[in-house]
Amino acid sequence: MGDTQRLELLKMARRNSSMSLDFWVDLTEGLDQRCLEILVGRSSIFPKYINSSGS
């Protein structure tokens, strides 16, 4: 996967989740394209779980 394609997927995850691009870069470092695509497809659920109190 090229850097341009990876960046576009990370930007999509940022838009879906409203979480920073840095968060997505760190989270997906070393993942292959298929794993990245799966995470991007589910990126909208991240804020829901992170903002959960867990109590």
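As the structure is a prediction and not an experimental result, all values here were calculated from the model.
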Legend entry - Within-4.5 Å side-chain heavy-atom neighbours: W24 and V40: no

Inset, instruction - Mind listing the closest non-hydrogen atom pair of L10 and T28 along with its distance? - result: CD2-OG1, 3.4 Å

Inset, instruction - Drop me the distance from L27's CG to S17's OG, to the nearest 0.5 angstrom. - result: 10.0 Å

Inset, instruction - Examine L36 and I45 and state if one hydrophobic cluster contains both, with Ile, Leu, Val, Met, Phe, Trp and Tyr joined whenever side-chain heavy atoms are less than 4.5 Å apart. - result: yes

Inset, instruction - Examine the side chains of S43 and N16 and answer whether a donor and an acceptor come within less than 3.5 Å of each other. - result: yes

Inset, instruction - Please identify each residue that fulfils side chain to side chain contact (heavy atoms under 4.5 Å, CB included) with D32, with sequence neighbours left out. - result: R34, C35

Inset, instruction - Please report the shortest heavy-atom distance between M19 and R14, naming the atom on each side. - result: O-CG, 3.0 Å

Inset, instruction - Nearest 0.5 Å please: distance from the CG atom of L7 over to the CG atom of L21. - result: 6.5 Å

Inset, instruction - Applying side chain to side chain contact (heavy atoms under 4.5 Å, CB included), name anything that partners E8, two or more places apart in sequence or on another chain. - result: K11

Inset, instruction - Please step through side chain to side chain contact (heavy atoms under 4.5 Å, CB included) for the pair Q5 and Q33, ending with a clear verdict. - result: CA-CA 9 Å; Q5 184 180 10; Q33 180 177 353; 2.9 Å; yes

